[in-house]
Amino acid sequence: MTRFAYVNGRYQPHADAMIHIEDRGFQFADAIYEVWSVRAGELMDADGHFARLERSLRELRISNPKTEAGYRLVIAELLRRNRVRDGLVYLQISRGRARRDHAFPSGPVRPTVVMTTKRLDHAAAQRRADAGVAVISLPDQRWARRDIKTVNLLPNVLAKQTAHEAGAAEAWLVDEGGQVTEGASTNAWIVTADGVLVTRQTDHDILHGITRARIMQRAQALGYTIEERAFTVAEAQSAREAFMTSATSFVTPIIRIDDRPVGNGAPGSVATALRAAYLELI
Ligand code: PLP
């Protein structure tokens with residue numbers, strides 16, 4: 001079966017899909033992206049991801065080349081062509097193709113739009129959540145606008161690789177003040193001894209996770225108290241529970257941080273309940 005990608009208005013065989021070498025996404029990481037999880041053929045938290053897409057474009061002063069309805073049409077067609085019912089949709093928009101020069105191109109440039117889909121094994125992700133995962137802590141080496149979902153991901157890539165080489169699923173990134181910002185591709189949470197959920201406040205230091213926002217709503221509806229504040233690795237290691245959230249991993253319990261087990265070293269009841277509550281939404 002041929003897998004298709006969408007590039008600037010055309011559906012192309014994935015293996016042949018290309019952008020120009022002077023695309024500013026390739027040259028400067030002058031591009032933003034968005035990822036939707038797909039379950040049973042439906043986009044999860046679609047509105048939140050569309051809203052963040054618009055915000056990322058606005059922050060980089062890239063004019064939005066499509067309407068939301070236009071994106072939705074392409075997404076539906078790509079999912080249909082690629083027969084994806086469980087997986088993800090990836091969208092990247094760069095400022096476009098222009099002669100290489102750091103400043104924005106002087107003339108009008110058409111943004112580059114690329115969309116791909118991927119099948120995901122949600123059953124394998126569930127097994128990972130049932131077992132719980134380990135994370136390691138590393139210095140946060142990213143730029144100062146982590147709230148914009150840009151493709152400028154090299155520090156995240158290096159941190160994730162270091163985590164994998166250490167046998168961990170994720171790296172928790174730590175700022176200069178010793179506080180955890182977030183994971184390389186997930187938001188970070190702990191549950192205190194009193195059962196309070198803690199996750200870092202949404203400022204410029206972290207990506208404003210759509211799953212994070214949804215879990216906050218669900219947790220509040222279930223009666224949990226939530227504190228939006230930073231926490232240290234030491235506080236997380238001695239917390240009752242820790243977990244991480246993202247569009248593709250939903251809620252995943254963390255059972256080890258560096259060399260210390262969290263709680264009793266097994267997935268916690270709060271994280272497990274929130275994962276179930278999130279999946280019930282679909
Ligand atoms: N933080 C970072 C750095 C990410 O890259 C991601 C997702 O890719 C998240 C958090 C989670 O965000 P969301 O729940 O919107 O997927």
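Note that ligands are numbered from 1 as they come in the structure, with each ligand's atoms numbered from 1 the same way.
In this structure, the side chain of R142 does not engage the main chain of A184 through any donor-acceptor pair within 3.5 Å.
Taking the centre and axis of the six-membered ring of F104, the NZ or CZ atom of R95 falls inside the cone set by 45° and 6.0 Å.
Taking CD of Q141 as the reference point, atom CG of L158 lies at 7.5 Å (rounded to 0.5 Å).
Ring orientation note: the planes of W189 and F243 are close to parallel, at an angle under 30° on the 30°/60° scale.
Salt bridge R72/D47: present, at least one basic N to carboxylate O contact under 4.0 Å. Salt-bridge formation is detected for the pair R80/E77: a Lys NZ or Arg NE/NH1/NH2 atom is positioned less than 4.0 Å from an Asp or Glu carboxylate oxygen.
For ligand 1, the protein residues placed under 4.0 Å by at least one non-hydrogen atom are Y33, H49, R52, R142, K149, N156, E182, G183, A184, S185, T186, N187, L207, G209, I210, T211, T245, S246, A247.
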